[in-house]
Amino acid sequence: MELSKNFEHQQAEQKWYNHWLDKGYFFSTPDERPAFTVVIPPPNVTGILHMGHCLNNTIQDVLVRRAAMQGYNTCWVPGTDHASIATEAKVVQMLREKNITKSSLSRDEFLQYAWKWKEQYGGIILEQLKKMGCRLDWNRTSFTMDDDYYKSVISVFIDLYKKGHIYRGKRMINWDVKAKTALSDEEVIRKETKQQLYYLRYSIEGTDEKIIIATVRPETIMGDSAICVNPADERYKHLVGKFALVPLINRRIPIIADDYVTMDFGTGALKVTPAHDTNDYQLGQKHNLEIIDILNEDGTLNEAAQILVGEDRFAARKKIVQLLQDGQYMEKTEDYTSEVGYSERTDAVVEPRLSLQWWVSMKELSLPALDAVMNGEIAFIPEKFKNLYRHWMENVKDWCISRQLWWGHRIPAWYDEKGNYVVAATEADAIQSYTEKYKPSGSVQLTQDEDCLDTWFSSWLWPFEVFKGYSHPGNADINYYYPTATLVTAPEIIFFWVARMIVAGKEYMKEIPFKQVYFTGIVRDKQGRKMSKSLGNSPDLVQLIEQYGADAVRFGIMISSPAGNDLLFDESSLEQGRNFTNKVWNALKLVKMWEARVSTNTATDNSAFALQWMESRLSQVKEEVETLMGQFRLSEALKTIYSLVWDDFCSWYLEWVKPGFEQPIAADVYQKTIGFFTELLQLLHPYMPFITEEVYHLLQERTDDLCELQLTPVSKPGMAILAQGNLLKEAISGLRDARNKNQLKPKEEIVLHIQTAEQDTYRTIESILAKQVNAKSIAYTTEAVAAAISVVTGKDKFYIESERPIDTAAQKDELEKELVHLQGFLVSVEKKLGNERFVQNAKPEVIALERKKLSDAKDKINLIEGTLKTL
RNA sequence: GGGAGUUUAGCUCAGUUGGUUUAGAGCAUCUGCCUUACAAGCAGAGGGUCACAGGUUCGACUCCUGUAACUCCCACCA
């Protein structure tokens, strides 16, 4: 069969993914093997594959594929998150394009559109994961709004309510005026924003005096309930207890004193607006101030403002500034930069707003989850995130779980027209508990809460609810697959999601949800900016996969992703990946060329050495990879395998055993080469599944598949063979370098003289050495040889005899440089050994080592000096 | 303002409990090669006072203190 010039990834990817699916390798059911379970961090149902997913899912796939090769029953559960705000925004936008407004639709009509949209576009990201080669169990695809899942979310809400962990409360919340919904603190992004600081004069009642306050939000003065100064502030002491008048509307507000106010900021006097600022609200609570809410939910001013009613808050700001100037209330303005909160979803400036919301009180629930991480029951990789987690969990705040949205899990609270309510899953249940609780006389009419639950209130159940661990407790799947093995996720959602999953796992399964959390880095672009949709700096993954191949993309992202460190994404690493697939492909082509030339002979001594050496290197690397994998150093492990394949196998081993042109190859060499190649493919397979599977099948007729092949146990590498191999490699490199520097063309043959006391060391490798440096013969000697070119490695010296006269000037220069270097080194070692305190304190093996360095350096200096004399 | 992290070759990073030569790898660069698997390749080479300043030690990239720069998280300065 004729093999193509390069690896053609497109057809191989499709062929093998379908083959794996047909064979059912990815589908898992409980059996007697140990389970290795991973749940995917569910991407937004609106999502398309970006770099973060690519990194995250490649890592999971590497772990899962390796576990499968180690004999685990692996189960990697795919799925999507309903992402209430993001999806609802998408659907609203889609409707707007059809000239339909959300407000013109009933809730049910809107949800019909939303579900239709979800069916149509919601699966895109899952299809993209298939393109990447992910070993996901597609029989278990889950969605956070599946029937059972939905019921579990509602039931968890009711349960927490009954246990007293959920309450309804008026609180200052972050309000998104565009989406008209509450946001959690985590959904608010603070950005440095240039603003104006306005200094306003308030008259003091009954005097001619004025008090000047500074504010960035003059449009909220109509909501002022007080002016506050520091009690220690001499400037204002006489005013405390008096009243000021709000400009333009002349409302009478008290002047109060509180430590909260800093004397040296602004004027030291603060306007207190409890309805529109978190701190002012707390101050208001403390001093019993009136709460005057002057804003509508869309950010326009309402009747309570008295003036500028109906104007948007920012338009109102401009207009009121004019009015204040006209009325001589404006003292001055200053440029001022401060952090302003923006909605993560809509980018609207977040409005602090007093609102009635549902809350989970987290303090008590969090304790077992805090413990689980601190006592090591759950390991964080890298460990530095433990501190972050502890800090957060020890200061955990209550969780606002209601969202003013329709797409999501509707809050199971039912109200009568007076606002009395009960919590129940269905209307019938609600009527029953309402009747028990309130004993109404007539018929009961209840309406359900309009709001939905925060998306994270469903995703925190993910690790067990994908196995229906809550809806069908004790079922075979949950018993077998839970707790899961490793969660792979981005550090930015440690609080949103990771912490809460641990809380839910502890509360409902009485067990941790996962044994390890592996935090990936954040993917950044070449300029160091985080890759994000809004910056538009994330490349199109599907296009990259088409261009470079899935294996190359996986390689490129894995080679540059140390655990927990951010990674700068650069397309050149994908190129490196593609070049690597090509290298593997060409190694295959070489070995295939030998297929027809296998002889019945056995290996010569020299090939026998190559076989032993390769076997030892392979064992050594297998050991290393096992260690690195155990420490989650996936990037390091890949580098190690890469170098084993490229350098050791291709550059050294294959060249050593390669027969001459159209010469036969010994049967055992051929067979062992195929064996080595197969083991390399196995090591590489978790990272690059497609090409390895393809090459595995092309290498030999096979009835099984690589992805199911079990790893063979690691054997001890032969250290003596490895040392001899190093000697050989050093000699080859040194001699090639010498040839290069003396302008010997590759085709010019040489005669090689080896000056050594241990000829036997070279007997088993001499023909390899001769071939690699193009020597027509090798002679041994114990005496110096008169030759123009010589090379020193270790204790031995090599002389190159060439037919062509050699100019020795350059060589002489170089040797002299090396001599100076060596002599400098010698002095430093002698100094060290001459230091009494070193000899007294250092460990004996360290001293022995230094002595060896000393004698080695001396030997080498002698050899070089000898050479220099002959030149 | 509080906390965490980073700083090693032009770029991206290794460097495990301080002592395997005077610090490693990949990419990029340079030189020579279209050598019968691979120019997406082969054979070589050059390149770093380990951010800076002190300290501990016989010995520091590694441990301690301080400084600077960058990054992230948290926080109520209008």
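In what follows, every chain begins at residue 1, and chains take the letters A, B, ... in the order their sequences are listed. Here the structure is a predicted model, which means the values were calculated and not measured.
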**Q** Calculate the interatomic distance between Trp652(A) atom CH2 and G41(B) atom C1'; express it in whole Å.
**A** 16 Å

**Q** Mark yes or no for whether Ser225(A), through its side chain, and Leu289(A), through its backbone, hold a donor-acceptor pair below 3.5 Å.
**A** no

**Q** Once salt bridge (Lys or Arg N to Asp or Glu O under 4.0 Å) is applied, do any residues pair with Lys771(A), and if so which ones, sequence neighbours excluded?
**A** none

**Q** Among Trp594(A), Tyr670(A), Phe676(A), whose side-chain contact (heavy atoms from CB on, under 4.5 Å) with Val657(A) holds?
**A** Trp594(A)

**Q** Less than 6.0 angstrom separating the ring centers of Phe380(A) and Phe385(A), yes or no?
**A** no

**Q** Is Arg578(A) side chain donor-acceptor paired with the A40(B) base, going by distance under 3.5 Å alone?
**A** yes

**Q** Measure the distance from CZ on Phe580(A) to P on G41(B) and round it to the nearest whole Å.
**A** 12 Å

**Q** When you get a sec, tell me which of A39(B), G19(B), G15(B) is the closest nucleotide to the side chain of Lys832(A)?
**A** G19(B)

**Q** With respect to the phosphate group of G15(B), does any side-chain polar atom (N or O) of Arg633(A) fall under 4.0 Å of OP1 or OP2?
**A** yes

**Q** For a quick check under 3.5 Å, do Arg736(A) and Gln772(A) share a side-chain donor-acceptor pair by atom type?
**A** yes

**Q** Tell me every residue that passes salt bridge (Lys or Arg N to Asp or Glu O under 4.0 Å) with Glu748(A), counting only those two or more places apart in sequence or in another chain.
**A** Arg804(A)

**Q** Which nucleotide in the set G19(B), G44(B), A40(B) lies at the smallest distance from any side-chain heavy atom of Asn582(A)?
**A** A40(B)

**Q** Can you check nucleotides 24-27 of chain B for protein contacts, nitrogen or oxygen pairs under 3.5 Å, and list what you find?
**A**
unit_1: G26(B); atom_1: O2'; unit_2: Gln576(A); atom_2: OE1; d: 3.4
unit_1: G26(B); atom_1: O2'; unit_2: Gln576(A); atom_2: NE2; d: 2.7

**Q** Can you tell me how far P of A4(B) sits from CZ of Phe380(A), to the nearest Å?
**A** 17 Å

**Q** Of the nucleotides G41(B), G15(B), C58(B), which one has an atom closest to the side chain of Ala842(A)?
**A** C58(B)

**Q** Can you list the steps and then say if Ile847(A) with Leu833(A) is a side chain to side chain contact (heavy atoms under 4.5 Å, CB included)?
**A** CA-CA 8 Å; Ile847(A) 297 171; Leu833(A) 282 167; 4.2 Å; yes

**Q** Any residue in residues 654-662 of chain A with a heavy atom nearer than 4.0 angstrom to RNA chain B? Just list them by number, or reply none.
**A** Glu655(A), Lys658(A), Phe661(A)

**Q** Produce the list of close N/O pairs, under 3.5 Å, pairing protein atoms with atoms of nucleotides 31-35 of chain B; give distances to one decimal.
**A**
none

**Q** Could you spell out the base pairing of RNA chain B in dot-bracket, with Watson-Crick or G-U pairs whose two distances are under 3.5 Å, [ ] crossing and | to another strand?
**A** (((((((..((((.....[....)))).(((((.......))))).....(((((..]....))))))))))))....

**Q** How long is the line joining CD of Glu571(A) and P of A28(B), in whole Å?
**A** 14 Å

**Q** Please check if the distance between the ring centroids of Trp392(A) and Phe495(A) is under 6.0 Å.
**A** yes

**Q** Show me the side-chain donor-acceptor pairs of residues 837-844 of chain A shorter than 3.5 Å, one per line, residues at least two apart or across chains.
**A**
unit_1: Asn841(A); atom_1: ND2; unit_2: Arg837(A); atom_2: O; d: 3.0

**Q** If you compare every side-chain N and O of Lys853(A) against the phosphate oxygens of U20(B) (OP1, OP2), does one of them come in below 4.0 Å?
**A** yes

**Q** For Glu492(A), check salt bridge (Lys or Arg N to Asp or Glu O under 4.0 Å) against everything at least two apart and list the hits.
**A** Lys530(A)

**Q** List in chain and number order the residues that pass side-chain hydrogen bond (donor to acceptor under 3.5 Å, both in side chains) with Asp398(A), two or more places apart in sequence or in another chain; answer none if no residue qualifies.
**A** Tyr167(A)

**Q** Taking salt bridge (Lys or Arg N to Asp or Glu O under 4.0 Å) as the definition, give me every residue that meets it alongside Glu575(A), ordered by chain and number, with sequence neighbours left out.
**A** none

**Q** What distance, rounded to whole Å, do you find between the two C1' atoms, one in A69(B) and one in A51(B)?
**A** 8 Å

**Q** Between G44(B), C73(B), G41(B), which one does the side chain of Leu388(A) approach most closely?
**A** C73(B)

**Q** Using nucleotides 76-78 of chain B, report all nitrogen or oxygen pairs with the protein that are shorter than 3.5 Å.
**A**
unit_1: C76(B); atom_1: O4'; unit_2: Asn279(A); atom_2: OD1; d: 2.8
unit_1: C76(B); atom_1: O4'; unit_2: Asn279(A); atom_2: ND2; d: 3.2
unit_1: C76(B); atom_1: O2'; unit_2: Asn279(A); atom_2: ND2; d: 3.0
unit_1: C76(B); atom_1: N1; unit_2: Asn279(A); atom_2: OD1; d: 3.2
unit_1: C77(B); atom_1: O2; unit_2: Thr262(A); atom_2: OG1; d: 2.3
unit_1: A78(B); atom_1: OP2; unit_2: Tyr336(A); atom_2: OH; d: 2.2
unit_1: A78(B); atom_1: O2'; unit_2: Ala214(A); atom_2: O; d: 3.3
unit_1: A78(B); atom_1: N6; unit_2: Thr262(A); atom_2: O; d: 3.0
unit_1: A78(B); atom_1: N6; unit_2: Phe265(A); atom_2: O; d: 2.8

**Q** Quick check on G41(B): is either OP1 or OP2 less than 4.0 Å from any side-chain nitrogen or oxygen of Lys589(A)?
**A** no

**Q** What is the distance, to the nearest angstrom, from the CG atom on Asp856(A) to the P atom on U22(B)?
**A** 13 Å

**Q** Between A28(B) and A9(B), how many Å separate the two C1' atoms, rounded to a whole number?
**A** 11 Å

**Q** In whole Å, what separates the P atom of A45(B) from that of G54(B)?
**A** 37 Å

**Q** OP1, OP2 of A40(B) versus side-chain N and O of Asn586(A): anything below 4.0 Å?
**A** no

**Q** Considering heavy-atom distances to RNA chain B, does Arg597(A) or Val846(A) have its closest nucleotide positioned more toward the 5' end?
**A** Val846(A)

**Q** To the nearest Å, give me how far apart CZ (Phe555(A)) and P (U12(B)) are.
**A** 18 Å

**Q** Checking Phe649(A) now: which residues fulfil ring-ring contact (aromatic ring centres under 6.0 Å, His included) with it, not counting sequence neighbours?
**A** Tyr653(A), Phe677(A)

**Q** Take atom CD1 of Ile557(A) and atom P of U12(B), then tell me their distance rounded to the nearest Å.
**A** 16 Å

**Q** Given Ile750(A) and Asn774(A), is the side chain to side chain contact (heavy atoms under 4.5 Å, CB included) satisfied, shown in steps?
**A** CA-CA 7 Å; Ile750(A) 57 163; Asn774(A) 198 16; 5.7 Å; no

**Q** Grab the two heavy atoms, one from Ile800(A) and one from Arg739(A), that are nearest each other, plus how far apart they are.
**A** CD1-CG, 4.3 Å

**Q** With a 3.5 Å cut-off and just heavy-atom distances, do the side chain of Lys583(A) and the base of C38(B) make a donor-acceptor pair?
**A** yes

